[in-house]
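Structure first, commentary second.
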Amino acid sequence: MNTILPVAIQKNPPKLILLDQTRIPETETYLALDTKESIFEAIKKLRVRGAPAIGIAAAYGLYVCLVQRSYADIDELRSEFQQLKSYFASSRPTAVNLFWALERMERRFVQEAAAKTKHIRNILESLYIESVTIFEEDQSMSRAIGEHALSLFDASRAWNIMTHCNAGGLATSGYGTALAPIYLGIERGYRMSVYANETRPLLQGSRLTAYELMKANIDVTVLCDSAASLVMREGLIDAVIVGADRIAANGDTANKIGTSNVAIIAKSFGIPFYVAAPTSTFDLKTATGKDIVIEVRDGEEVINGFGKRTGPVGAKVYNPAFDVTDHSYITAIITELGIISHPSTERVAEHMVKAFIKR
Ligand code: MRU
């Protein structure tokens, strides 16, 4: 099991603790942040990244920033809460878990502020509890996703699994999403190997996925993104599992740029393509993938990545950070509640009803 924790909270003095993922694989350096600007910067610059981890960091960050000063009354606290919430929400646009976590914190705030015994101290304490609950639920969600996903794999044979980007422990608080069945499977004696696409331009596959799997002694091979078709043709891949940043109501899935290429190639070779994500990654207000906002990042990441100039100064670059995989390419979406085979609007809705009943 992965032993790296990407995000944590320190209560006294209040700090958001983040593993600086921009420095992996060279070094595991933890940052202790307590200003809104440094927390915003850490999310924007991908020091913390991966949809669930971004949500946890924003919830913790909200508490850490709010608890450091005093307030004349609840209205002043409310106004500070709203400003911080909007500020953190503007850090990255695609991963819906960011908005989900901030809205969950807001619901808790409203609930607590309406209570008879409303005290600023109690409201702040309840926000702390809510943020820790988001973290703990994420841990159990990862495990449940792993359990459901593992039911798709037969223990009697070996499996070679391709993944894209990093949807492992570094992107969540626990086993990850796409990597959860691999961690669980290996624990239970399954024979599983991973092919990690390097994931241009920021190399989350080679820097992060290969790093955390090697740390857990799991067999991993790094591939250029453009090798996907060849390795599938060579019969080296049995299944693809990826994470998600946002899943629309019809099952269309936004994930790291390059994911849809893999899905299209997998379908043409008859290889199952699975998306593993918690129900907090579904955005039912978004009907189809066409309506998902795609983050466009600085072109320098493409032509001057990691400080190495690989394109002429001033070259025009288009650098979308995510793409959308049409639901027709997805064999199944695996959540903490079970499996949605061949996702469609009806099947997603049916599955999400279970999530609402549970809440
Ligand atoms: O830009 P990133 O590194 O935050 O992108 C992350 C991904 O695309 C992950 O696959 C996704 O967030 C799922 S993480 C469980």
Side-chain angles (χ1 to χ4, degrees), residues 1-4 24-25 50 139-199 204-225 227-244 255-256 258-259 262-263 265-278 329-336 338-341:
M1 168 56 195
N2 164 52
T3 51
I4 319 168
I24 290 180
Q139 281 186 319
S140 47
M141 265 181 317
S142 292
R143 208 186 158 86
I145 287 172
E147 294 284 359
H148 290 300
L150 213 48
S151 70
L152 299 165
F153 296 91
D154 167 2
S156 67
R157 50 160 288 194
W159 290 93
N160 289 317
I161 294 165
M162 176 180 279
T163 191
H164 192 77
C165 195
N166 173 265
L170 285 165
T172 66
S173 62
Y175 282 60
T177 56
L179 298 191
I182 294 157
Y183 285 121
L184 266 188
I186 297 282
E187 274 171 31
R188 294 179 186 169
Y190 281 62
R191 286 167 294 145
M192 288 176 150
S193 297
V194 177
Y195 283 83
N197 294 337
E198 66 173 353
T199 317
Q204 287 92 332
S206 60
R207 288 191 307 106
L208 309 177
T209 299
Y211 181 81
E212 66 167 83
L213 289 173
M214 285 173 72
K215 209 169 160 160
N217 290 318
I218 294 174
D219 181 54
V220 54
T221 304
V222 176
L223 296 171
C224 287
D225 295 341
S229 168
L230 181 82
V231 294
M232 288 186 191
R233 178 179 293 277
E234 287 178 341
L236 295 179
I237 307 297
D238 301 307
V240 180
I241 316 179
V242 298
N255 191 51
K256 181 53 57 193
T259 301
V262 177
I265 299 168
K267 186 160 187 173
S268 77
F269 285 106
I271 294 169
F273 180 91
Y274 300 116
V275 172
Y329 291 98
I330 300 172
T331 311
I333 302 176
I334 304 139
T335 80
E336 74 278 16
I339 295 171
I340 312 172
S341 299

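Hydrogens, waters and symmetry mates are skipped; everything else that's a heavy atom, side chains included, is used. All values reported here derive from a predicted model rather than from experimental measurement.
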Discussion item. Under the criterion side-chain hydrogen bond (donor to acceptor under 3.5 Å, both in side chains), I'd like the reasoning laid out for Tyr175 against Glu147: C-alpha separation, chi angles, the key distance, then a yes or no.
Written reply: CA-CA 11 Å; Tyr175 282 60; Glu147 294 284 359; over 6 Å; no

Worksheet entry | Leu150 and Met192: CA distance, side-chain angles, deciding distance, side-chain contact (heavy atoms from CB on, under 4.5 Å) verdict | CA-CA 11 Å; Leu150 213 48; Met192 288 176 150; 3.8 Å; yes

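Across every non-hydrogen atom of Val240 and Ala266, the tightest pair is CG2-CB, 4.2 Å. Ala216 and Tyr183 make their closest contact through CB-CE2, 3.7 Å (heavy atoms, listed as atom of the first residue, atom of the second, distance). For the residue pair Ser142 and Ala180, the shortest heavy atom distance occurs at O-CB, 3.4 Å. Summarising the geometry of Ala196 relative to Gly205, their closest heavy-atom pair is CB-O, 4.0 Å, with the distance given to 0.1 Å. Minimum heavy-atom separation, Val222 to Ala210: CG2-CB, 3.7 Å.
The closest side-chain heavy-atom distance from Thr172 to Pro278 is not below 4.5 Å. Two residues are said to be in side-chain contact when any heavy atoms from C-beta on lie closer than 4.5 Å; Leu170 and Ile24 meet this criterion. Counting heavy atoms from C-beta on, the side chains of Phe153 and Ile161 come closer than 4.5 Å. Side-chain contact check for Val242 versus Phe273: some heavy-atom pair is nearer than 4.5 Å. Using a 4.5 Å heavy-atom threshold, the side chains of Arg143 and Leu184 count as touching. Residues Glu212 and Asn166 have side chains in contact (heavy-atom distance under 4.5 Å, counting atoms from C-beta outward). Taking the side chain as every heavy atom from C-beta outward, Asp225 and Glu198 approach each other to under 4.5 Å.
Under the salt bridge (Lys or Arg N to Asp or Glu O under 4.0 Å) criterion, Asp238 pairs with Arg157, sequence neighbours left out.
Rounded to the nearest 0.5 Å, atoms CG (Leu213) and CD1 (Ile218) are 5.5 Å apart. Rounding to the nearest 0.5 Å places CD1 of Ile330 at 12.0 Å from OG of Ser341. Atom OG of residue Ser193 and atom CG of residue Leu236 lie 10.5 Å apart, to the nearest 0.5 angstrom. In this structure, OG1 in Thr331 is found 11.5 Å from CD1 in Ile339, a value given to the nearest 0.5 Å.
Looking only at distances, a side-chain donor or acceptor of His148 sits under 3.5 Å from a matching main-chain atom of Glu336. At distances below 3.5 Å, not a single donor-acceptor pair connects side-chain atoms of Arg191 with backbone N or O atoms of Ile186. Side chain of Thr199 to main chain of Ser206: no donor-acceptor pair is present (N/O by atom type, distance under 3.5 Å, no hydrogens or angles). When atom types are taken as modelled, the side chain of Asn197 and the backbone of Leu223 share no donor-acceptor pair closer than 3.5 angstrom. Of the possible donor and acceptor atoms, one in the side chain of Thr163 sits under 3.5 Å from a partner among the backbone N and O of Ile241. With Trp159 contributing its side chain and Asp154 its backbone, the two residues share a donor-acceptor pair below 3.5 Å.
Put simply, the residue from Thr221, Ile265, Ile237 that forms a side chain to side chain contact (heavy atoms under 4.5 Å, CB included) with Val231 is Ile237.
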